[in-house]
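Below: the structure, in C-alpha cells.
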Amino acid sequence: MHHHLLQSLRLCATTGNPSHGKTLHALILKIGLDQYGALPNTLISMYAKCGLINHAVQLFDEMPQRDPVSWASILTAYNRANLPNRSISIFPNMFVHDHLQPDHFVFASLVNSCAALNALKIGRQVHAQFVMSRFSSDDITKSSLVDMYAKCGSLDVARAVFDTIRSKNTISCTAMISGYAKGGRKSEAIELLKDMKVQNLFSWTALISGLIQSEHFITAFHLFIQMQKEGIKIVDSFILSSLIGASANLAALELGKQVHCLVSKLGFESSLYVCNTLVDMYAKCSDILAAKTAFHSTVKKDVISWTSIIVGLAQHGKAEEALSLYNDMISTGLKPNEVTFVGLIYACSHVGLVNKGRDLFKSMVDDYGLNPNLQHYTCLLDLYSRSGHLDEAENVLNTMPFEVDEAVWASLLSACKRFGKTRMGIRVANRLMGLGVKDPSSYILLSNAYAGASMWESVAKVRKLMAVIDVKKEPGYSCVHLGKETEVFYAGETGHPMKNEMRVLLKDLEEEMRKRGYVPDVSFVLHDMGKQEKENQLFWHSERLAVAYGLLNGVPGSVIRVVKNLRVCGDCHTVLKFICGIVGREIVVRDASRFHHFKDGKCSCSDFW
DNA sequence: CTAGGGTTAG
C-alpha cells in the first residue's frame, strides 16, 4: 500500500496536476499514514512540483519529525517557486530547531539559491560548510558550485572547483561552458566543449546562448551551423529563441527570417519564448508590420508578449497603437509591469500626450504598486522636454531619487536650445560642465549654448576642455540591408567602388533639396574648420552613403532599411526627410536610440531624438 | 522520498 501510494504521488508530480494528488493526500490522511515512511516528504515534493508552494510549506511546518530529506525537499520547493531568499532565511532552523546537519542534497539546494540570488558572499559561506562536512567530495554539489561561481562572475574560482570534480559529466561541463561563454571567454568555452566526450543539445545551447549574451553574435551563428553538422537534433526551442534574439541585436532581418523558417520547420511556433522573441526581433529589425503579425499569431500571450509589441510600437513612433493595445491588455486581466510602463510613457512622449503620460506614471505607482526606476524618470523627463514643458522637466530632474548621468542633462540642454530657453540653457549647461563631460555631442551642445548667449569666455573654456580631454568620437558607420546583402559605410569613406555614382546621386538630390529650402546645418560638425569644409564633412556622413547605395541598388519602391551605430546627425535627419519626399521612398533608420521612419517628407520621431 | 547544466521585453 505504502509503495503504491508513493508511486501515484510521483506520477502526480511529473504531470504537474495537483487534483489527483490532493485526493491521494486525503486518502493518506484518512488511513492515518500521513507521517509514515517516505510519504510526508513525497507529499511536500509533489505539492512543490505542482506549483502549490503554500501546501508544501504547511506540510513541512506541521511535521512532528523532520529529517534532512524534509529539509532538502522544502529548500528545493522554495527555489522552484522562485523564492530562493526564503531558502536562505529558513536554513539556520535546520540546526537551531531540528538539531540536524545538512547533507549533500541540502548543500546543492542552498548553492542553487545563492546562484539565483547572485549572493556570492553567502555562497562562499555555504561552500566553506560543504568543504568541512563529510560530503565534501560530492560531485553534484560541486557542479552546483561551479554554476554559482560562474553566475556570480567568479570564473576562475568556478574553474578551480570544476578541476576538483572527479568524474566530470555533461552537466558539470555545461555549467562551466555557460560561465565562460556568458563572461565572453570565447576560446575557453569552445575548447571545453570540444574536449567533451558526450556533447548534447544542452551543452551546445549553453555555449551558443552564452556567447550571444556576451554579444559574440556572429561566432554564435557559425557555431550553430557547426552544431547542425555534428548531427545534434534540435528537440526543444531554447537555442532558437536565443538565435532570434541575436538576429534582433544585429538588426539582421533576413537572418531573423531564416531562423523563423527553421522554427516553423521544426514545429516550435507555439513556444511562448519563441513568439515573444520573434515580436521583438521584427520590431528591432524595423519591420513593425511583421512584429504585429507575430504578436497577433501568439495564441497565449503573457506580459512579455504585450510589452514587447508596446515597446516596439513606441520605438517606431506608433504611440496611438501602443496605447490602444495597452487597453486591450488590461481588458484581458493581465497586469502590466515596470517594463510595460517604460514603453507606454515613451510612447506618450513621442506624440506629446503630456497628461496621458503623467497619468500613466501615477497609475504605475498607485494602481500597480510599482517603483519608478531611472528609466521611468528619464522617459517622464523626455515627455516634458519634447513638449516644451521645460520647467516641469527641470523640476523632475532636480527631485528624482536617482543619480543623473551626462546624457540626461544633455537631453534637457538640447530641449532648451530647441525651445529657445537661453537662460535655463545656461543653468543646465553649467550643471553639465560640473558633471564632467565625455560625449563629443555634449561639447557641441555646450559650445552652442554658450555661443547663443554670447558667453565667449565659456565657449573658449569648452573648446579648451575638448582639446585637453581629446574627445574621440567613435567612428560612425551605417549598414544598409538589401535582401540578403548588407553593405557597410563609414563616415568619410572614399574607397567604395560605387563612390562616383553615389556622389552624383547625392549631388543631384542636394540641388533639388536646396531648391526646396535646404540649408546645411554645420553646427553638428565637431571639428574646427571652414564652412565649406564642414559642409563637405556632412556630405559624406555614413547614413547618406548608405541611403544613396540603397537607392542605387535596392529593388525600386522597396523600403530602405539602415542601421547606424551612433545617433543620427541632425543635418542628416533633415536631409533624409527631404530625400524620402523627393524620391517617394520610405526610409527606416535604426540609430543608437530609436527608429526613424522617413516618409512623405516627415519623420516618425517628430524631429526630437 | 531529496540534489546539478541551456531561452523572452527596458
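Just so we're on the same page: letters track the sequence lines, and every chain starts at 1. Side chains included, hydrogens not; waters and symmetry mates left out as well; all remaining heavy atoms used. What you are looking at is a predicted structure, and each value in this text was computed from that prediction instead of being measured.
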### Query
Which listed nucleotide (B:dA3, B:dG6, B:dA9) is nearest to the side chain of A:Ser308?
B:dA9
### Task
Report the nucleotide, chosen from B:dG10, B:dC1, B:dG6, that has the shortest atom-to-atom distance to any side-chain atom of A:Val339.
B:dG10
## Note on the structure
Quick note, A:Tyr273 side chain, CB onward, closest among B:dC1, B:dT8, B:dA3 is B:dT8
### Centroid distance under 5.5 Å and plane angle under 30°, A:Phe105 vs B:dA3
no
### Task
Would you mind classifying the nucleic acid contact of A:Val311 as base, sugar-phosphate or nothing, using non-hydrogen atoms under 4.0 angstrom?
sugar-phosphate
### Task
Determine: side-chain N/O of A:Gln213 to OP1/OP2 of B:dG6, distance under 4.0 Å, yes or no.
no
### Task
Check whether any side-chain N or O of A:Asn112 sits under 4.0 Å from OP1 or OP2 of B:dG5, and answer yes or no.
yes
### Task
Provide, to the nearest angstrom, the distance between the CG atom belonging to A:Leu201 and the P atom belonging to B:dT7.
12 Å
### Task
Tell me what A:Gln315 touches on the nucleic acid: a base, only sugar-phosphate, or nothing, going by heavy atoms under 4.0 Å.
nothing
### Query
What's the closest nucleotide to the A:Ser109 side chain, out of B:dA3, B:dG10, B:dC1?
B:dA3
### Per A:Ile171 side chain, nearest of listed nucleotides B:dC1, B:dG5, B:dT2
B:dG5
### Task
Using atom CG of A:Asp103 as one end and atom P of B:dG4 as the other, report the distance to the nearest whole Å.
13 Å
#### Entry: Whether A:Lys142 side chain and A:Thr164 backbone form a donor-acceptor pair below 3.5 Å
yes
#### Entry: Sugar-phosphate only, base, or nothing, as touched by A:Lys168 at under 4.0 Å among non-hydrogen atoms
nothing
### Query
In whole angstrom, what separates A:His376's NE2 from B:dG10's C1'?
8 Å
### Query
Atom CE of A:Met281 and atom P of B:dT7: how far apart are they, to the nearest Å?
19 Å
#### Entry: Interatomic distance where CD1 belongs to A:Ile208 and P belongs to B:dG6 [whole Å]
15 Å
### A:Asp280 side chain to A:Ser308 side chain, donor-acceptor N/O pair below 3.5 angstrom
no
### Message
Students often get this wrong, so: under 4.0 angstrom with heavy atoms, is A:Thr76 touching a base, only sugar-phosphate, or nothing?
### Response
sugar-phosphate
### Message
Considering every strand and a 4.0 Å limit on heavy-atom distances, what is the contact class for A:Asn79: base, sugar-phosphate, or nothing?
### Response
nothing
### Task
Using whole Å, report how far CZ of A:Phe268 lies from C1' of B:dT8.
16 Å
#### Entry: Check: A:Asn337 side chain, B:dA9 base, donor-acceptor under 3.5 Å
yes
### Query
What is the distance from atom CG of A:Asn373 to atom CE of A:Met364, rounded to the nearest 0.5 Å?
7.0 Å
### Query
Any idea how A:Phe361 and A:Tyr377 line up, ring-wise: parallel (<30°), tilted (30 to 60°), or perpendicular (>60°)?
perpendicular
### Query
Does the B:dG4 base have a donor-acceptor partner in the side chain of A:Asn169 within less than 3.5 Å?
yes
### Query
Under the 3.5 angstrom rule, does the side chain of A:Ser214 hit a backbone N or O of A:Ala181 as a donor-acceptor pair?
yes
### Task
Remember a base hit wins even if backbone is also touched, and classify A:Thr340 as base, sugar-phosphate or nothing at under 4.0 Å, heavy atoms.
nothing
### Query
Between A:Thr141 and A:Asp138, which heavy-atom pair has the shortest distance, and what is it?
OG1-OD2, 2.6 Å
### Message
Check whether A:His376 reaches the backbone of A:Glu338 with its side chain - one donor and one acceptor, N or O, closer than 3.5 Å.
### Response
yes
#### Entry: Side chain of A:Thr277 - closest among B:dG5, B:dT8, B:dA3
B:dT8
### Task
Measure from NE2 on A:His25 to C1' on B:dC1 and round the result to the nearest Å.
15 Å
### Task
When you get a sec, tell me which of B:dT2, B:dG4, B:dG10 is the closest nucleotide to the side chain of A:Asp280?
B:dG10
### Task
Would you classify A:Ile140 as touching base, sugar-phosphate or nothing, given that sugar-phosphate means primed atoms plus P, OP1 and OP2, and contacts are heavy atoms under 4.0 Å?
base
### Message
Please confirm whether the shortest side-chain N or O distance from A:Lys151 to OP1 or OP2 of B:dG6 is below 4.0 Å.
### Response
yes
### Message
Can you identify which nucleotide, out of B:dT2, B:dC1, B:dG6, has its nearest atom closest to the A:Lys49 side chain?
### Response
B:dT2
### Task
Under 4.0 Å between any heavy atoms, over every strand shown, what does A:Asn373 touch: base, sugar-phosphate, or nothing? Just pick one.
base
### Task
Name the closest nucleotide to the A:Asp138 side chain, picking from B:dA3, B:dT8, B:dG5.
B:dA3
#### Entry: Options B:dG6, B:dG5, B:dG4, nucleotide nearest the side-chain atoms of A:Ser143
B:dG4
### Query
Is there a donor-acceptor contact under 3.5 Å from the side chain of A:Arg590 to the main chain of A:Lys284?
yes
### Sugar-phosphate only, base, or nothing, as touched by A:Ile177 at under 4.0 Å among non-hydrogen atoms
nothing
### Atom pair distance, as rounded to whole Å: CG in A:Asp236 and C1' in B:dG6
8 Å
### Task
Determine whether any donor atom in the side chain of A:Ser241 lies under 3.5 Å from an acceptor atom in the base of B:dT7, or the reverse, and answer yes or no.
yes
